[in-house]
S.K.: 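Structure below; questions to follow.
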There are 2 protein chains.
Amino acid sequence: MLELAILGLLKEQDLHGYELKKRLADTLGLGSGVSFGSLYPALARLERAGAVRSLEPAADTSPIPQTGSLGGELAAFRARTAGTRRGRSRKVYRITQRGEELFAELLAEDSGPAEDARLFSLRLAFARYLSDDARLGMLEHRRLQLLERLNRSGARARTTRDKLDAYLHSLLEHDREATEHDLSWIERLIAREREARAASAAVGATDRADSSGEHPRTTTTPVAMTTGPDKESTR
Amino acid sequence: MLELAILGLLKEQDLHGYELKKRLADTLGLGSGVSFGSLYPALARLERAGAVRSLEPAADTSPIPQTGSLGGELAAFRARTAGTRRGRSRKVYRITQRGEELFAELLAEDSGPAEDARLFSLRLAFARYLSDDARLGMLEHRRLQLLERLNRSGARARTTRDKLDAYLHSLLEHDREATEHDLSWIERLIAREREARAASAAVGATDRADSSGEHPRTTTTPVAMTTGPDKESTR
DNA sequence: CGATAGATGTATCGGCTCGATATAGTGCGG
DNA sequence: CCGCACTATATCGAGCCGATACATCTATCG
């Protein structure tokens, strides 16, 4: 999972560990990012697998950002002293051809029924690298997961009628609302995706049934299932 | 973290591992609950620490639920064959005095600035065991965390103006909305808490300034901070 | 009847991630 | 010159997860 995020960031430019951690935290959706205890081992794994290679210091005034764009008041100061390397010597990582392939694999991977919210967010952050079909498939997949989760909320409400602690009840209720919110978001994304597709395919084949208002609800699944595990951090 | 959840459930009744896992999944807010790979080691730790003890088979027709209330069609069948133990012999866990103490410690624990959403949910699920003050403190603490997170969202939006990928932008936007939703939920909980407190203290002291509409916003913090890490699963 | 499938249960293993900590180089203010 | 803060790489122990193994019982189908 971390590998995917690292490779995705390195696709755009070479980075050293510290900077990588920062971008993981605030460029991507990952709250607070990851700890060094995960990041460095992950980089080591990737290097061992030949997916990235590390470049030594690279002399001075390299085009690698001087850890910039944070702090605010600090930024001005940073601009003044730019070019003077600070702290310990950095090890800069660059993605390899093998790394590009690995990225594509990880991004497209099936990710069983347990796919959690973090992984979905990560995939969406790199959705621009997917084909139209793969991207739409990913969104539909997520939609089904959320529907299933919503089902379980309903089932739970029906099973344990009221006799619940007030705090627990509020928690469960909020969780259900958050899931509904997520679901409507995903459905907006799907609708947008279909519009774009329809627009780009304006020339060509015969009319393809849908395309007008009230988006076709795809595979619908009328809200009824019994089994299947799931994994949804918290919310 | 898991220990807290286990002890909280065992406070109400003796349970065996499998049933414990089920309740972790759907009684509490934890999506999909935890895996056996966490649960059994956690139980072993708790037993080693003297916080729980395991009771052997306990003969037949014990008052422990026969893993009931799931399946639906299965429930009827289950009712018929109730009383006949199934599968491997179960090991039933019971909380000890030491366990009750440990539960109280874990529930009240300070939980640094990194407290994630899962842990907060867990604490809220057991909030009924906290004193009024501790409960309110927990809610205020969570409120500040969410405000800080919201700040960072704003800062990010101001720093990286527009030049963002559409999917990434949508992701970040959705994340911000979800945080706002969480925040307003917490504020409703705080308001409710204060009302209850005011109602119960109806007899006694002089009038205490607030109590009428437009809840007092507590410690307000006018949305401005620069540093501090955080941890928020995803969203 | 016997085979098969499937639910119920307990348990362990390898691998990833985390939080804490160690190490180290640099500039800044007192 | 000393301590402090910031940048940066790296490791350790422990927790958690997914997969898997193992064991026991029942229902169902040929």
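Residue numbers begin at 1 in each chain, while the letters A, B, ... track the order of the sequences.
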S.K.: I need the CD-C1' distance between B/Glu19 and C/dT10, as an integer number of Å.
M.R.: 15 Å

S.K.: C/dT12, D/dA8, C/dG19: which one has an atom nearest the side-chain heavy atoms of B/Phe36?
M.R.: C/dT12

S.K.: To the nearest angstrom, how far is B/Leu20 atom CG from C/dA11 atom P?
M.R.: 13 Å

S.K.: I'd like to know if the side chain of A/Arg94 reaches the main chain of A/Arg53, judged simply by a donor and an acceptor atom lying under 3.5 Å from each other, with no hydrogens or angles considered.
M.R.: no

S.K.: Would you mind reading off the distance between B/Leu15 atom CG and C/dT10 atom P, rounded to a whole angstrom?
M.R.: 11 Å

S.K.: In this structure, how many angstroms lie between the C1' atom of D/dC17 and the CG atom of A/Leu2, rounded?
M.R.: 15 Å

S.K.: From the list D/dA10, C/dG9, D/dA8, which nucleotide is the closest neighbour of the side chain of B/Tyr18?
M.R.: C/dG9

S.K.: Look at A/Lys21 and D/dA8 and indicate whether a side-chain polar atom (N or O) is within less than 4.0 Å of OP1 or OP2.
M.R.: no

S.K.: Between D/dA8, D/dA10, D/dC16, which nucleotide has the shortest distance from any of its atoms to the side chain of A/Arg90?
M.R.: D/dA8

S.K.: Return the minimal non-hydrogen interatomic distance between A/Leu171 and B/Ser121, and the atom names on each side.
M.R.: CD2-O, 3.5 Å

S.K.: Donor-acceptor pair, distance only, cut-off 3.5 Å: does the side chain of B/Arg90 make one with the backbone of B/His16?
M.R.: no

S.K.: Think A/Lys22 has a side-chain N or O under 4.0 angstrom from the OP1 or OP2 of D/dT7?
M.R.: no

S.K.: Report the residue (B/Gly37 or A/Tyr93) whose heavy-atom-nearest nucleotide on DNA chain D is the more 5′ of the two.
M.R.: A/Tyr93

S.K.: Could you list the donor-acceptor pairs under 3.5 angstrom formed between side-chain atoms of residues 36-50 of chain B and any protein atom two or more places apart in sequence or on another chain?
M.R.:
unit_1, atom_1, unit_2, atom_2, d
B/Ser38, OG, B/Ser35, OG, 3.3
B/Arg45, NE, B/Glu3, OE2, 2.9
B/Arg45, NH2, B/Glu3, OE2, 3.2
B/Glu47, OE2, B/Ser54, OG, 3.0

S.K.: Centres of the A/Phe126 and A/Phe103 rings: under 6.0 Å?
M.R.: yes

S.K.: Rounded to whole angstrom units, what separation is found between the CG atom of A/Leu24 and the C1' atom of C/dT17?
M.R.: 13 Å

S.K.: Write down the distance between CZ (A/Arg118) and P (D/dC16), rounded to a whole number of angstrom.
M.R.: 14 Å

S.K.: Please report, rounded to the nearest Å, how far the C1' atom of D/dC16 is from the CD1 atom of B/Ile6.
M.R.: 12 Å

S.K.: Answer with base, sugar-phosphate or nothing: what part of the nucleic acid does A/Gly17 contact at a heavy-atom distance below 4.0 Å?
M.R.: sugar-phosphate

S.K.: Tell me: CD of B/Glu109 to C1' of C/dG19, nearest whole Å?
M.R.: 13 Å

S.K.: Which of residues 38-53 of chain A sit near DNA chain C, with a heavy atom under 4.0 Å from it?
M.R.: A/Ser38, A/Arg45

S.K.: Would you find a donor on one side and an acceptor on the other, under 3.5 Å apart, between the side chain of B/Arg128 and the backbone of B/Ala125?
M.R.: yes

S.K.: Given 3.5 Å as the limit, does a donor-acceptor pair link the side chain of A/Thr179 with the main chain of A/Leu150, or not?
M.R.: no

